[in-house]
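Notes for the one structure printed next.
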Amino acid sequence: MSASEPLLRVKDLDVSFGGNSVVSGISFTVNPGECLALVGESGSGKSVTARSLLGLAGPGSHVRATALDVAGKDARNFSQRSWRSLRGKEVGFILQDALTSLDPLRTVGKEIDDALRLHSSGSGSQRAARVVELLEAVGLDDPLRRASQRSGELSGGMRQRALIASAIALDPLLIIADEPTTALDATIAASVMDLLGDLRRAGSGMLLISHDLATVASVADSIAVMAAGRIVERGTREQVLNSPQHPYTRALLAAAPAGKPRFTKLSPASTHPKPPPLQPEQATVHQGEEDGVVLPVLSARGLIKNFPLSKTENFRAVHNVNFDLLPGQTLGVVGESGSGKTTTARMALGLLRTDAGTVELLGGPWSQVPESARRNRRSSLGAVYQDPLSSFDPRHSAEAILADALSLGATRNPRAHRQQISELLSLVGLAPDMAQRRPATLSGGQRQRLAIARALAPKPKVLICDEPVSALDVSVQAQVLDLLDELQQRLGLSYLFISHDLAVIRHMSDHVLVMRAGEVVESGTTESVFTAPAHEYTRSLLAAAPPSLSSI
Amino acid sequence: TPSGTTSDASSDPGSPVTGGNLVYASGDAEPSCLDPHVGGNYPQALVASQYLETLYTKDAEGKLIPWLAADSTVSDDGLTRTVSIRDGITFTDGTALDAAAVKANFEHLLDPKTASSTGYLALGKIASMKAVDASTLELKLKTPDNSLLESFSMPWVAIESPTALKRTQEENCAAPVGTGPFKVQSWKKQYSVQMVRNADYVLPVAGAAHAGPAYLDSITWRFIPEAATRYAALQAGEVDIIDNAQPDAIATAVKTSTIKHLDAPRPGASNRIELNSSKAPFNDEKVREAFIHAVNINASVDSLFFGSAKRSYSPLSSVEPLAYSEESLFNYDPTKAGTLLDAAGWSERDAQGYRVKNGVRLSLTFPVSTSQSIPAEQSLFEQIQATAKESGIEVQINLLDISSWYGELFTNSYNLVSAPYTKVGPGVLSILFHSDSTIPAPSGYFANLSQVKDPALDALLNTAGSTKDEAQRKDLYTQAQKKVLEGYYLLPLYDQQNHFLYSEKLKNVGATTAVASPIFFDTWLAN
Amino acid sequence: MSTHLAKLPRLLAAALLLFFLLAAIAPNLLAPVDPLAIDPAAAFSAPGPGHLLGTDESGRDIYSRIIHGARSSLLIGAAATAIGLGLALVLGTLAGFGGRWLDFGVGRILEVLFALPGLLLALVFIALAGPGVTTTVIAVGLTWAPGYARMIRAQIIALRSSAMVEAATVLGRRRSRILLVHILPNALAPLAVLATLGLGQAILWAASLSFLGLGSPPPAPEWGTMLSAGRTYLSLAWWMTFFPGLAIVLVAAAATVLSRSMKAGGSR
Amino acid sequence: MSDFAKIQSSPSGVAGTSHGTRSAARWLLSKIMGGIFVLWAVFTAIFFGLRMIPGDPAQAIMGGPGSQASAEALAAAREQYGLDQPLYVQYFAQLWRLVQGDLGTSYSLKSPVVEVLAELLPPTLILAGLALLVAWAMALVLAVLSTRSGAVGVALGSGLEIISAAVPHFWLASVLIMLFSTMLGWLPPVSTNTPAGLVLPIITLALPLAGFMGQVMRDSMAEAQRSAFALSARARGESETGVLLRHSLRHGALGGIALSGWALGSLLSGAVVVESIFARPGLGRSLLSAVTARDIPLVTGVALFSAAAYVLIMAFSDLAERLVDPRIGRS
Ligand SMILES: Nc1ncnc2c1ncn2[C@@H]1O[C@H](COP(=O)(O)OP(=O)(O)OP(=O)(O)O)[C@@H](O)[C@H]1O
Ligand SMILES: Nc1ncnc2c1ncn2[C@@H]1O[C@H](COP(=O)(O)OP(=O)(O)OP(=O)(O)O)[C@@H](O)[C@H]1O
Ligand SMILES: [Mg+2]
Ligand SMILES: [Mg+2]
């Protein structure tokens, strides 16, 4: 194959599952040394496309294409044997699901070695040396030891790297990376993207798949935007990012919160119905205000939480955390995974006893009093979680869930609260016919809306939102963030908003708390923290974040 | 061989062959002790017949003959019994057989620590004993007992080496020492008892087909509780002879040339259903009679036993010379049953068609022990249940394990029960029908399960058991049998079934002890 | 595989169970012949036009007995499963919701119950209470209870710390209400799957007890009893064992198929 | 793993033992302590449970209720076996003897229970052990074949598994005897001292177990086949056979191992039936007769033995699981 020939040439690729067309009429090429990014929201067919390129579309799939040249060979009528000689050797594939893509029962070394062994590259000892070399190349410390560990012993980032190591083991001409950073937090995601960038610079072609335009912006040469199984727009990175042509691309770009000031809409206004006019009682803002002094609705002083590691050792999950949440404001909490954000939120919610320190709610004692004393004040404090589905009783319909919340648990019979239920549904932008549905039948965004509706039902003053959008697709995330913004403005709610996504925090918060290893390392107004970070950790966090789109 | 034993070992067996191992498969529960003195049940008798011998036995005509005893006399008052012991016989451990040895055996049987039940009962009349000299034993009796010699013929009072009896019971149970043609070599629990030929065997009397040691080298006595497996094992040649053969297997086997059949009904009582006369509704003789006419035994026995069991109309086994039969009392006659029940006041019927009197259903409880009755018998009971229903009688069969079954009997929670009893001689009638037998032993056990309490019957049985006059004995026992039959206390079914199937390679099978357990002294395995 | 073919076993299993359910409810509809009517003259008839599945040693119609036996057999299976589940519910709830010490205690009890072979438990219980249908049912239920209890406990523990319960707590719900409204119903849902499976297994167990002579009293046409009675005549009348055995195998297998597909459906 | 397997599988979660134990010694200690507790509890439960059964133990010693033991004989037996003492004294005396390794004397067999067990244990162990091996092999073969051979294979394999798991032991035994002994004459219908005599009992015991384990293993294997790591192995160029052998099989085995505690119980219960039908000496058969004869020491002995076996098997399967699956034992 000559140097000028593309590594990958796909023309009119159609994939269907049992008659359901999932991908249709897709065409693109990847040249040596080039990186093509395939972006699009969840379910648009990115992964299916990628798997089809290796003959792994899956059982029950039907793949058709006018041209499907992989590494210079026409793969349309490949036998299993020909596919196998291609996989791993000429094409390295990094699966979407890094955390489960390594066999938990086998050592990482064995998994990487498999690729070498299958394409019979070297003797046992040579291969062993190569495995260590690869692990080192992807930046794992102590590669010798890592090789003998199993995936369960590695952190998410390490697993992702090990997977990359196994994909690049034979120096493939083409690398397909499917969402290589989704599961990772910002710092680690950045280093993985760096690693992929290095590979590409070494001459391999790459197909990078993501649903996040911001993430790919730094690596890709060209971008193809997928929607509902088709490519709707394709061009160089600059073309697509700076002058998007297709409305879908524009929506996708707008949905990214990075660099958007507070209260600007992220999603097209048409995506949810217009909310009803405000009711006067809900419109009261600044409840905590007395004699001109703004009293916090939720405040924490010296929170400490230790978890026992063993009989003698304790693990400091939260150490000496203080904060004040002012009425009608949002306090953003950011920090890497495991820094104690959720633990703090759980203490604030009174779900977890504090080891030391106090939480006060609306000026009254909260964390020190028994649950029975808290129970009748619970209505003023609501919560929204990352995974709304698991927070619903799967047996109850949306309206039963809301009726339960409205009646303070007195009934799940929706008839008593029909009026309020429909008001709540429209408040969060859910159509009335959703009332009958069970949570499992709702989409991710709809579920989160329902969760918000439930949290709002007892008319709370404070909402604690723990990663409310991190499981959602960018465009859905945008809708939910917009909704939260809007509700805050209309109802005067206060949010304790937790996220590891700096862009989201910046977009949503008035004040920010940066946490690390259980401690608050920096706090202040959003502007001051993001523009003039005082703590070194904050600075490194900010540096790791993907560049805001507007800066390209 | 007692009369009644039939073997279809036809024609000439050929000339004897010495050697070989006979594999016997027993369907009975494995004895917990190989010494039949301890406890005393039929499975023990079966296996012990190979290595133990008795003072008396029965010849082929069913006549009582001395065996280890040479002779016996009784005093005129019937209270002193003198037994002379045969000379020149030694136990397999080398101990000589003499009067003292026999005395030691009797003492062993009567010692509560031995926990003998059958043997203890058989010797119950002995008050004291004395070895007058080496070959003469003198027994003093509490009351005259004309069935003592018959008792002596049962393996449960077989004679063992006194030296061996002195060992612990555990040791003695594992390998009793006797005078028989084989001796116990080893016992692998739940698997088999291995016996080897007694090379020094001396036949107590002449008359068997040959003298000297047995033809067979050894016997493996296996325990195969499942009837179907046992028969399959015989068919497959894994074993040479099986006991407790099922009627259907017998029916198929007799049609083949490779498997032979030995039918050896047990002595003592017939197999029968007892009607508990101590409580309602069977305290009314009319109801007992009605029940007996309401059930159709013959049709069922014919179909279930494939002709291998002959219907009995007597309390005693057909091998008992003094058995008295009265067929006319036991015909199937539902009309008569109906008339009798109407007369007894059971004239109303409930929704299910059962008869009712004063609001109480005519219902009979029938506990059945799973370990005592063969499947065909259980089916027979079910058919009895079905035919009784046609006359409006409800029969409730409770299948129970043996311990629970006894529990039902002891608490008098039964109306019908079937409990075979093996004993040599008509003396069994006293055990089964004397009012003394309604008084429970310390264990709760009592043998008079129909609970007849008839002073006239008691008197008959007492005199019959002690008279020295053979003719009077016969007459009295006949009267006693008439009485229980005519009182409708029992429903005789058939003889206690004791069927063996064996490979045609096995020659000269058929000799049995007084209790119809086979002995293999004359048997050989053809090549 | 076409969806039709994939559904076939499920449909078949459901149809089979429905058939036997119908037999249990209205046996006379399917088999008008009296299952208890004896006919010694017609004993051991082979399957044929007169007797579809042959007759037994008493000349009773096997087909009729199987149909009429469905009630007690299914009842034994269902009752035993219900008892096992009921007991398990109490134990599992205590363990899962009753605090550390209760959990520890119940956990130990379960472990001990597990360490005893099921049959021993059943045998001892039958020796204690005397044989009979009720005893069999309780004995089989007892044998299965520890397994179910462990499942329920695991479910409750998983649910106890679930986001759902947390959400209810945040809404200010009482523990007792959370237990009743959220935890128990959700812990029980997967047990429906188990119950279906348990039904078949309980019938198998009851049959084993019948074989050991500890089943339902005669002449009730119960499958296990028929099976063990017919075993004696295996070489003479194979149909006496084959068909009741088939009924047991079919029900147990159908229950398994159904519960597996229920599970697959539930997890979707 | 199927739900059913889950209820039967390792109770390590129930015991509440922490898997975070870092040292093997602590793990061992917790296993031993747990085991001792189980044995004690089984002993206590059986001791009091059996005494609630109606009937006089002295009667059982004297050969059951059918024997007409005299009052003196009963009293003598009562004294000899210490049954005249108050219950709690008997309990502690027996417990003390148990600690010293003395299980008492069997009522029905009149020999020390330890000796009876020593004689009957090996045949049952051989039977159960071989049956377990065969079941494992059959389950694996079934699972692999049906996983490998497409939809029809899966349907066939799972059908076979479901049916064999639904077959009652005694029925299977009867059918096997009729087929292989009576009709074909290939194998002896009763157990003999030759290996041939073991074949039918083993198959009888193994087949239903294999069906059950096969279902569980195939579930685990199918799950592994669908998993992301299998896909990534394929993406590396691994063949389907390679995926099966190198990845899925272990996951299947893991499902099987988790069932071993249940399998033991099932084997012992099955042994009761199989040993009776094939006339094999063994623990199962003696259990049945011991319960029927109300032989309390023997029942206690068998119960204690099987509890000990259970404890051991659980420890081993725990160990095996740890070996196959390093995820357990950490965190
Ligand atoms: N094996 C399959 N059988 C049937 N449908 C499938 C299969 N695999 C994928 N699909 C469907 O194909 C569509 C595209 O899926 P794909 O995984 O390619 O989306 P994606 O763009 O990668 O989304 P995400 O960002 O969530 O990974 C989805 O609707 C999915 O449900
Ligand atoms: N119940 C618990 N027992 C022991 N350790 C715990 C418990 N809950 C949390 N931890 C530990 O406390 C630390 C802080 O956890 P927390 O969930 O608060 O982190 P987080 O900042 O929310 O992380 P993430 O972004 O991943 O959600 C982590 O190391 C976690 O492992
Ligand atoms: Mg994808
Ligand atoms: Mg968190």
Side-chain angles (χ1 to χ4, degrees), chain B residues 27 225-232 235 246-253 296-306 352 365-390 395-405 407-408 413, chain C residues 33-45 55-61 64-65 122-136 139 209-222 224-241:
Chain B
E226 274 289 303
T229 315
R230 203 160 56 243
Y231 182 56
Q235 286 178 303
Q246 297 298 308
D248 62 310
I250 298 169
T252 23
N296 187 356
I297 304 293
N298 286 359
S300 301
V301 169
D302 285 348
S303 80
L304 286 169
F305 287 83
F306 299 88
Q352 274 119 303
T365 315
F366 190 0
V368 174
S369 155
T370 44
S371 50
Q372 280 202 349
S373 51
I374 59 167
E377 197 160 274
Q378 286 179 27
S379 304
L380 171 65
F381 297 159
E382 283 179 37
Q383 298 193 7
I384 286 176
Q385 183 181 44
T387 45
K389 189 182 177 185
E390 284 161 19
V395 176
Q396 284 182 319
I397 297 176
N398 294 336
L399 280 181
L400 299 167
D401 74 57
I402 184 89
S403 300
S404 313
W405 181 75
E408 297 290 287
S413 319
Chain C
V33 180
D34 180 1
L36 301 182
I38 62 160
D39 181 4
F44 302 112
S45 311
T55 63
D56 67 5
E57 81 281 6
S58 295
R60 296 175 294 210
D61 184 55
S64 191
R65 283 176 75 72
L123 285 179
V124 169
F125 182 75
I126 290 173
L128 257 170
V133 182
T134 326
T135 323
T136 308
L209 289 176
S210 288
F211 162 76
L212 298 172
L214 304 164
S216 17
E222 195 265 318
T225 316
M226 289 172 70
L227 198 50
S228 59
R231 196 181 79 249
T232 323
Y233 303 104
L234 193 63
S235 53
L236 183 77
W238 56 269
W239 53 90
M240 278 180 66
T241 12

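Every value quoted in this text rests on a predicted model; they were computed, and no experiment measured them. Every chain is numbered from 1 and lettered A, B, ... according to where its sequence line falls, protein lines coming before strand lines.
With chain C as the partner, the residue from B:I397, B:N398, B:T229 showing the most heavy-atom pairs under 4.5 Å is B:I397.
For B:Q246, the part lying under 4.5 angstrom from a heavy atom of chain C is the side chain only. Contacts between B:A376 and chain C at a heavy-atom distance below 4.5 Å involve backbone atoms as well as side-chain atoms.
Shortest non-hydrogen contact noted between C:S58 and B:S379 is OG-O, 4.1 Å. Across B:S300 and C:P40, no two heavy atoms sit closer than the pair OG-CG, 4.4 Å.
Distance CD/C:E57 to CD/B:E382: 6.5 Å, rounded to 0.5 Å. Separation of atoms CD1 (C:I38) and CD (B:E390) is listed at 6.5 Å; rounding is to 0.5 Å. To the nearest 0.5 Å, the span separating CG on C:L236 from OH on B:Y231 amounts to 10.0 Å. Annotation: the span from C:L36 atom CG to B:Q383 atom CD amounts to 12.5 Å, rounded to 0.5 Å.
Partners of B:F366 by ring-ring contact (aromatic ring centres under 6.0 Å, His included), not counting sequence neighbours, listed by chain and number: B:F381.
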